[in-house]
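Below is one structure, written out as structure tokens; comments come after it.
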Amino acid sequence: MNITLPDGSVRVFDGPLSGEALAADIGPGLAKAAIALRIDGEMKDLKTVLDTDTTVEIVTNREESDDVLELIRHDAAHVMAEAVKELYPETQVTIGPAIENGFYYDFARDKPFTPEDLEKIEQRMHEIVDRDESIDREEWDRDEAVKFFEGQGEKYKAEIIGSIPADQPIGIYRQGEFQDLCRGPHLPSTKKLGHAFKLMKLAGAYWRGDSKNEMLQRVYGTAWRNEKELKAHLHRLEEAERRDHRKLGKEMDLFHMQEEAVGMVFWHEQGWTLYRTLENYIRHKLELADYKEVKTPQLVDRKLWEDSGHWDKFRENMYTTESEERTFALKPMNCPCHVQIFNQGITSYRDLPLRMAEFGSCHRYEPSGALHGIMRVRGFTQDDAHIFCTEDQITSETETFCELLLDIYKDFGFTEVKVKFSDRPETRAGDDAIWDKAEGSLKEAVEATGLSYTLNPGEGAFYGPKLEFVLTDAIGRDWQCGTLQVDFVLPERLKASYIGEDGAKHRPVMLHRAIFGSMERFIGILIEEYAGRFPLWLAPTQLVVATITDEADEYAREVLAKAAKLGLRGKLDLRNEKINYKVREHSLAKVPALLVAGRRESEEGTISVRRLGDKHQKVMSLDEALAQLAEEAAVPGSR
RNA sequence: GCCGCCGUAGCUCAGGGGUAGAGCACUCCCUUGGUAAGGGAGAGGUCCGGAGUUCAAAUCUCCGCGGCGGCACCA
């Protein structure tokens with residue numbers, strides 16, 4: 001039998017042998033480091049018996065690959081389950097996969113785990129690693145396996161086996177006294193896991209991800225190749241905490257939220273300045289892209305929502321109020337209102353595509369558990385627009401939109417954007433023929449843009465399929481910001497029409513689209529992206545003029561006035577404090593430019609400029625310094 | 001909405017059945033200082049809300065509300 005190694009060398013053996021034996025045959029160092037095999041690019045147990053001529057790569061714990069991390073994390077989950085079964089035998093185990101940065105395992109148990117329990121479990125995991133238990137795969141008969149797990153009181157495991165397709169083997173991995181249903185692969189023994197893991201948090205999770213099912217207890221952990229990587233990961237988490245938009249929002253006096261208006265933002269002057277800067281920026285972009293801005297009512301009779309289909313599907317999530325014996329709803333979306341504008345008068349095909357934009361203030365009664373800072377709120381403003389167009393225009397409008405979106409994201413440094421394609425959900429409006437058409441044209445359109453995207457099955461809006469443009473926050477959570485949705489349904493339900501070239505009435509298609517998504521969410525993302533250190537054009541306070549002595553007060557006022565004339569947003573700091581104190585304070589407040597004026601500057605007409613993050617300052621002529629700042633502060637796309 | 005943890009001064013947090021604590025911030029006074037905290041004094045609290053246990057509750061119990069982490073949801 002010939003075994004070929006990745007370097008091309010061939011080893012000849014008389015009979016079958018395990019990967020472990022192969023590694024030992026090559027060398028003791030390799031045998032020690034070996035943790036798995038890779039055959040045809042696929043990870044296999046190190047103990048897999050090789051019995052035909054094949055090419056085999058021996059994977060070691062030094063390999064820096066996602067495969068290795070996944071293997072380690074999956075084993076960590078198993079070791080955790082073993083520890084839990086030893087400490088709390090009445091607990092049932094369910095599933096425990098590897099995830100990004102770590103792993104989790106879901107347990108079923110009446111008593112909740114406490115943080116102290118976590119410590120004990122982690123301690124026991126280290127012991128299990130030190131025990132160096134051999135991990136061995138067996139294949140069991142399906143009925144026998146079900147009987148075994150039921151006998152152990154493990155009803156979840158038995159249920160999982162029932163859902164494994166009949167043609168797939170039932171793999172059971174055994175380590176010590178612990179046996180778990182698993183596809184594998186796994187490490188050859190618990191010792192190979194090492195000690196670079198840590199249990200992180202406790203959380204609830206529904207069995208099979210369905211809120212109708214019972215809630216299990218999920219324990220999250222992180223696991224790495226070695227201590228150094230673990231430490232680096234923990235350090236990254238700490239860093240991320242410092243960027244949290246909720247923390248920075250408070251520190252930088254941007255906004256606050258309070259009990260009397262849960263899920264709604266109180267914008268303070270600083271935050272509102274940032275908000276307006278963004279709004280003006282994108283308004284200008286939309287004007288250039290031939291959008292027409294409108295404004296529609298926030299409170300609209302339920303009849304319109306019944307007609308649009310929202311009342312049917314989202315009634316529970318809409319705020320309503322009674323007046324004049326009628327029921328009104330705070331608008332959760334702008335689209336039905338935009339159709340009302342479209343429906344005024346008669347539209348010709350010559351008017352299409354018609355791009356109707358609105359900074360629409362919307363309210364949705366979001367589940368309390370969904371709220372998160374200003375990223376997920378109940379009152380928000382969409383940079384919304386609806387493009388009324390013909391079917392033929394869907395592709396070109398999609399391409400134009402994607403171009404605009406990427407151009408805008410680039411101005412904020414977002415160059416890597418995840419794109420998801422979400423198709424028809426289970427409950428939806430419109431028949432299958434319409435959905436076929438909508439999905440087909442969106443697919444064609446996104447292919448035309450050349451963007452790479454992933455499929456998100458069943459996640460579309462009730463009226464149409466959508467593209468989602470996803471950005472990531474400081475600690476790696478994904479947030480949908482931009483979106484483009486193809487809608488054949490609402491124009492039908494709300495009876496939108498235009499006169500075609502043939503003189504007959506036709507239904508337009510609606511493209512729902514947003515770039516920031518919600519102003520609130522996008523600002524949250526920006527705060528975390530920049531860690532509060534905004535580029536000059538976005539910074540609410542762009543500069544502070546600080547004096548060294550009160551002899552410079554008058555000059556400082558002149559400096560600020562000149563800056564204001566150039567459109568720069570500045571503040572004055574004439575306080576009776578030392579310059580060290582002022583420098584420290586404004587640096588901590590993340591003010592991008594500190595202009596220091598002392599007696600010297602006021603006499604010479606100069607200014608000492610200290611930029612945020614710099615260790616040193618630069619004395620320049622006042623006019624030159626201000627001109628430079630004004631140029632840097634220009635809004636992207638404004639020149 | 002569900003599970004777990006948490007709620008003390010403007011902020012960050014300590015304390016814990018018997019008079020409410022610190023640092024920073026704030027106010028006033030001294031200091032006019034050259035690039036990340038000059039010195040002194042002072043003011044500041046429904047210990048999230050309600051009920052219960054107790055001679056006595058910020059502290060223990062229960063019920064709310066809110067926050068945080070997940071899950072579910074996200075037109």
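Below, read A as the first sequence line, B as the second, and so on, with proteins coming before strands; counting in each chain starts at 1. Everything numeric in this text was worked out from a predicted model, so none of it was measured.
Between B:G7 and B:G15, the distance separating the two C1' atoms is 15 Å to the nearest Å. With P as the reference atom, B:A22 and B:A9 are 14 Å apart, rounded to whole Å. A distance of about 24 Å separates the C1' atoms of B:U12 and B:G38, rounded to the whole Å. Between B:G50 and B:A58, the two C1' atoms lie 15 Å apart (nearest whole Å). Annotation: B:C13 and B:A20 have their C1' atoms spaced 14 Å apart (nearest Å). B:U61 sits 23 Å from B:G67 when the C1' atoms are compared, rounded to a whole Å. Rounded to the nearest Å, the gap between the P atom of B:A51 and that of B:A56 is 15 Å. Nucleotides B:G21 and B:U8 are separated by 10 Å at their C1' atoms, to the nearest Å.
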Audit row: A:Thr114, A:Asp117, side-chain contact (heavy atoms from CB on, under 4.5 Å) steps and yes/no: CA-CA 5 Å; A:Thr114 65; A:Asp117 291 337; 3.2 Å; yes
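Contacts of A:Arg246 with the nucleic acid, taken as non-hydrogen atoms under 4.0 Å apart, involve only primed sugar atoms and P, OP1 or OP2. Within the nucleic acid shown, A:Thr549 comes within 4.0 Å of at least one base atom, counting heavy atoms only. Counting non-hydrogen atoms under 4.0 angstrom, A:His512 reaches nothing in the nucleic acid. Among the protein residues, A:Lys466 comes within range of the sugar-phosphate backbone only, with heavy atoms under 4.0 Å from sugar or phosphate atoms but none that close to a base. Among the heavy atoms of the strands lying under 4.0 Å from A:Asn317 is at least one base atom, whether or not backbone atoms are also near. Looking at heavy-atom distances under 4.0 Å, A:Ala205 makes contact with sugar-phosphate atoms alone, never a base. At the heavy-atom level, A:Leu588 lies under 4.0 Å from base atoms of the strands shown. At the heavy-atom level, A:Ala370 lies under 4.0 Å from base atoms of the strands shown. Among the protein residues, A:Gln485 comes within range of the sugar-phosphate backbone only, with heavy atoms under 4.0 Å from sugar or phosphate atoms but none that close to a base. Note on A:Gly309: nothing from the nucleic acid sits closer than 4.0 angstrom, heavy atoms only. Residue contacts shown for A:Arg477 are limited to sugar-phosphate atoms, with no base heavy atom under 4.0 Å away. Contacts of A:Tyr220 with the nucleic acid, taken as non-hydrogen atoms under 4.0 Å apart, involve only primed sugar atoms and P, OP1 or OP2. Among the heavy atoms of the strands lying under 4.0 Å from A:Tyr463 are primed sugar atoms or P, OP1, OP2 only; no base atom is included. A:Lys250 comes within 4.0 angstrom of the backbone, heavy atoms only, and of no base.
Around CD of A:Glu554, the count of heavy atoms belonging to other residues, nucleotides or ligands within 6.0 Å does not exceed 12.
Under the side-chain hydrogen bond (donor to acceptor under 3.5 Å, both in side chains) test applied with A:Tyr463, the options A:Arg428, A:His310, A:Gln485 reduce to a single match, A:Gln485.
A donor-acceptor contact under 3.5 Å is not formed by the side chain of A:Arg428 with the base of B:A75. Scanning atom types as modelled, one donor and one acceptor separated by under 3.5 angstrom connect the side chain of A:Asp550 and the base of B:U32. In the interface, the side chain of A:Arg218 is not paired with the base of B:C71 through any donor and acceptor atom under 3.5 Å apart. Residue A:Tyr365 places no side-chain atom within donor-acceptor reach of the base of B:G1, judged by atom type and a 3.5 Å distance cut-off alone. The base of B:C73 lies close enough to the side chain of A:Arg376 for a donor and an acceptor atom to sit less than 3.5 Å apart.
Across all strands shown, B:G34 remains unpaired; no Watson-Crick or G-U wobble contact has both distances below 3.5 Å. Across all strands shown, B:G50 is found opposite B:C62 as a Watson-Crick or G-U wobble partner, with both distances under 3.5 Å. With a cut-off of 3.5 Å on both Watson-Crick or G-U wobble distances, the partner of B:A14 is given as none. Across all strands shown, B:C26 is found opposite B:G42 as a Watson-Crick or G-U wobble partner, with both distances under 3.5 Å. With a cut-off of 3.5 Å on both Watson-Crick or G-U wobble distances, the partner of B:C71 is given as B:G1.
The side chain of A:Glu601 sits closest to B:G34 out of B:G34, B:U32, B:C3.
The aromatic ring of A:Tyr581 does not sit over the base of B:A37, since the test of centres under 5.5 Å and planes under 30° is not met.
Taken from CD in A:Glu397 to CZ in A:Phe388, the straight-line distance is 12.5 Å, to the nearest 0.5 Å.
Ring orientation note: the planes of A:His386 and A:His338 are nearly perpendicular, at an angle over 60° on the 30°/60° scale. Aromatic ring pairs are classed by plane angle as parallel below 30°, tilted from 30° to 60° and perpendicular above 60°; the pair A:Phe414 and A:Phe522 is perpendicular.
Take the nearest nucleotide of RNA chain B for A:Lys615 and for A:Val262: the residue whose nucleotide is more 5' is A:Lys615. RNA chain B is contacted by both A:Gly598 and A:Ala461; A:Gly598 maps to the nucleotide lying nearer its 5′ end (nearest heavy atom per residue).
Counting only N and O atoms by type, the side chains of A:Lys582 and A:Thr547 include a donor and acceptor under 3.5 Å apart.
Separation of the A:Phe107 and A:Tyr105 ring centroids falls under the 6.0 Å cut-off.
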